[in-house]
Participant: 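Here it is: the structure, laid out below.
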Amino acid sequence: MNSLILGLLIGACFGAILSLSGLSSPLRILDMLRLRDLALVKLLLVAIGTGIVGIALLDSAGLAHTSIKALHVLALISGGAIFGLGFAVAGYCPGTALAGAAEGRRDAYLVVAGGLAGTAAYAAAYASLAPRLVEPFTYGKPTVFSWLGIPALAVALPIGALVAWLAWRWRKSELPAEPTHLAREKPAH
Amino acid sequence: MEPKPALHWLTGGLLLGGLLLVAVHLVQPLGVSTQYVRAVGGAAELVAPQAAAENAYFQAEKLTFGYGEMVVLGIPLGALIVSMLLGRRRPEAVPEPWLSRFGPSWPLRFGAAFVGGFLLLFGARLAGGCTSGHILSGVSQLAVSSILFGVVAFGTAIVFARALYTAPK
């Protein structure tokens with residue numbers, strides 16, 4: 001299949017899943033981040049658990065196209081903190097803002113616009129930032145199993161079993177609870 | 001009030017994980033924030049070709065158009081289709097819990113959304129990935145870098161979300 005058409009199909013499935021599962025909703029995202037509704041935490045745990053086991057199996061059969069990102073410790077910590085602040089303010093992440101915008105959410109358009117501006121600012125700052133924040137304290141592209149010196153499946157299968165057990169225990173929490181509306185705290189009488 | 005998501009968390013999680021496996025098997029892991037670079041760089045090439053060609057970041061990231069860009073164009077397409085088919089359009093400017101905490105002013109929400117988006121992508125580009133590339137794809141590959149990013153990003157987001165959206169007593 002033409003790789004451009006394949007990309008559009010995989011992206012459309014990605015966007016549909018984000019929209020259908022509530023990940024494109026800032027209410028759902030912020031209820032997750034405020035630890036009020038853990039349905040999306042469970043969803044991400046199941047997705048990552050499936051990914052960990054599936055990728056380890058595919059890779060052991062030589063059927064995976066993996067791509068490990070470099071361990072730039074300073075850039076990951078500072079970038080992660082800046083990202084986390086933006087995540088809390090926006091209630092979207094770079095992908096879910098695109099899905100939210102397509103659902104008609106007006107504020108998601110501004111998140112995408114701000115994202116393009118933030119990208120431009122990073123590109124402008126890169127030449128001076130990279131030698132200070134990105135290049136120092138870089139340690140190659142390790143994985144948990146390469147650090148431990150054991151096969152990927154030896155790490156992946158126990159994690160998969162744990163996630164499957166948790167999902168089984170949580171299955172009773174059938175549908176996600178009604179989102180908790182932030183009621184303005186009433187002043188004490 | 002927003003309706004419940006159409007998919008149960010277990011179904012959504014299995015579908016999202018399954019899609020990641022299809023993508024990793026056929027082409028590469030899922031990622032989104034790199035495509036913001038391609039979009040900005042592509043626009044820069046049109047407006048200021050000299051500056052775009054000289055920019056060290058655009059040189060490092062290689063301004064191409066292909067599979068990965070089509071994935072990111074597909075995201076709004078898929079969300080548009082399912083939200084229309086299921087009648088779940090959300091044409092709102094100020095979502096909860098922002099509305100309850102900061103009121104119905106759309107300029108305030110739009111300003112915050114822009115700043116939030118700016119921080120998201122500045123942070124993601126510094127760290128080399130976002131929720132898709134690091135947290136979904138990277139953690140699924142058990143990458144140490146992605147686990148570190150996930151812990152810092154979620155930890156920071158939880159602290160700020162709890163502080164930001166809780167009305168002072």
Side-chain angles (χ1 to χ4, degrees), chain A residues 3-4 7-8 11-12 15-17 19-22 26-27 33-34 39 42-43 46-47 50-51 54 64-65 68-69 71 75-76 79-84 86-90 93-95 98-99 102-107 110-111 114-115 118-120 122-123 126-127 142-144 182 185, chain B residues 5-7 9 12-13 15-17 20-21 24 28 32-33 36 40 56-57 67 70-71 74-80 82-83 89-91 93 95-97 100 110 113-114 116-123 125-128 130-132 140 142-145 148-149 152-153 156-157 160-161:
Chain A
S3 78
L4 296 181
L8 194 68
I17 295 168
S19 179
L20 291 172
S21 60
L27 170 62
L33 293 178
R34 294 156 78 209
K42 296 172 187 170
L43 185 147
V46 169
T50 307
H65 300 90
I68 305 293
K69 293 180 190 288
L71 183 55
L76 284 159
I82 295 169
F83 181 93
F87 199 16
V89 171
C93 57
L98 293 167
E103 293 169 355
R105 299 176 190 274
R106 305 284 186 260
D107 58 336
L110 276 294
V111 175
T119 305
Y122 184 71
Y126 178 77
T143 59
V144 172
L182 179 132
E185 269 93 356
Chain B
L7 291 180
W9 56 264
L15 284 174
L16 192 55
L20 173 65
L21 296 183
V24 167
Q28 64 187 36
V32 175
S33 69
Y36 280 74
V40 169
Y57 192 54
Y67 165 83
M70 291 303 281
V71 169
I75 292 172
L77 180 68
L80 178 72
V82 296
S83 70
R89 306 288 300 155
R90 303 293 310 170
E96 288 291 354
S100 300
F110 281 11
F114 187 88
F118 186 101
L119 295 170
L120 277 174
L121 265 298
F122 195 95
R125 290 331 303 158
L126 181 55
C130 62
T131 330
S132 307
S140 289
L142 296 167
V144 176
S145 56
L148 175 61
F149 176 82
V152 175
T156 312
F160 279 105

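We name chains A, B, ... by the order of the sequence lines, and we start the count at 1 in each one. Just so it is clear, the values below take in all heavy atoms, side chains as well, and ignore hydrogens, waters and symmetry mates.
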Participant: Find the one option among Ala99(A), Pro142(A), Gly115(A), Ala127(A) whose heavy-atom pairs under 4.5 Å with chain B are most numerous.
Facilitator: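 Most pairs with chain B among the choices: Gly115(A).
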
Participant: Select, from Val144(A), Leu76(A), Ile17(A), Ile68(A), the one with the greatest count of heavy-atom pairs under 4.5 Å involving chain B.
Facilitator: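 Looking at each of Val144(A), Leu76(A), Ile17(A), Ile68(A) in turn, Leu76(A) comes out on top.
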
Participant: Can you list the residues that meet the side chain to side chain contact (heavy atoms under 4.5 Å, CB included) rule with Leu20(A), with sequence neighbours excluded?
Facilitator: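 Leu20(A) satisfies side chain to side chain contact (heavy atoms under 4.5 Å, CB included) with Ala6(B), Leu7(B), Val82(B), Leu86(B) once adjacent residues are dropped.
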
Participant: Does any part of the side chain of Leu16(B), heavy atoms only, come nearer than 4.5 Å to the side chain of Ser21(A), both counted from C-beta?
Facilitator: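 No, side chains not in contact.
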
Participant: Among Phe149(B), Tyr36(B), Tyr67(B), who wins on heavy-atom pairs under 4.5 Å with chain A?
Facilitator: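 It is Tyr36(B).
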
Participant: Set out, in order, the CA-CA distance, both residues' side-chain angles and the distance that settles side chain to side chain contact (heavy atoms under 4.5 Å, CB included) for Leu33(A) and Phe87(A), then state yes or no.
Facilitator: CA-CA 9 Å; Leu33(A) 293 178; Phe87(A) 199 16; 4.0 Å; yes

Participant: The criterion is salt bridge (Lys or Arg N to Asp or Glu O under 4.0 Å); which residues satisfy it with Arg125(B), sequence neighbours excluded?
Facilitator: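 Glu61(B).
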
Participant: For the interface with chain B, which of Cys93(A), Gly118(A), Ala90(A) has the highest count of heavy-atom pairs at distances below 4.5 Å?
Facilitator: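 The answer is Gly118(A).
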
Participant: Highest number of heavy-atom pairs under 4.5 Å with chain A: which of Gly123(B), Gly17(B), Gly13(B), Gly116(B)?
Facilitator: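 Most pairs with chain A among the choices: Gly13(B).
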
Participant: Output yes when a side-chain donor or acceptor of Ser83(B) lies under 3.5 Å from a complementary backbone atom of Leu80(B), and no otherwise.
Facilitator: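 Answer holds: yes.
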
Participant: Among Val32(B), Leu120(B), Leu148(B), Thr156(B), which residue forms the greatest number of heavy-atom pairs with chain A at distances under 4.5 Å?
Facilitator: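 The candidate making the most pairs under 4.5 Å is Leu120(B).
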
Participant: Under 4.5 Å, counting heavy-atom pairs only, tell me which of Val46(A), Leu98(A), Ile82(A), Leu110(A) racks up the most with chain B.
Facilitator: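 If we count pairs closer than 4.5 Å to chain B, Leu110(A) comes out on top.
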
Participant: Mind ranking Ser19(A), Ala64(A), Gly80(A) by heavy-atom pairs under 4.5 Å with chain B and telling me who comes out on top?
Facilitator: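 Option with the top pair count is Gly80(A).
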
Participant: Are Phe83(A) and Leu119(B) close enough, and set up right, to give a side chain to side chain contact (heavy atoms under 4.5 Å, CB included), and what steps lead you there?
Facilitator: CA-CA 6 Å; Phe83(A) 181 93; Leu119(B) 295 170; over 6 Å; no

Participant: Do Pro26(A) and Glu96(B) have side chains that approach each other closer than 4.5 Å (heavy atoms only, starting at C-beta)?
Facilitator: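 Result no, sub-4.5 Å side-chain heavy-atom pair not found.
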
Participant: Heavy atoms only, distances under 4.5 angstrom: which of Val144(B), Leu121(B), Val40(B) has the most pairs with chain A? Name it, please.
Facilitator: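 Among the listed options, the one with the most contacts to chain A is Val144(B).
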
Participant: Please answer whether the main-chain N or O of Gly128(B) pairs with a side-chain N or O of Lys69(A) as donor and acceptor at a distance below 3.5 Å.
Facilitator: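 Yes; at least one donor-acceptor contact below 3.5 Å.
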
Participant: Non-hydrogen atoms of chain A under 4.5 Å away: do they reach the side chain of Leu15(B), the backbone, both or neither?
Facilitator: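 Contact with chain A: backbone and side chain both.
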
Participant: Is chain B contacted by the side chain of Tyr122(A), its backbone, both, or neither, given a heavy-atom distance below 4.5 Å?
Facilitator: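 The answer is both parts of Tyr122(A).
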
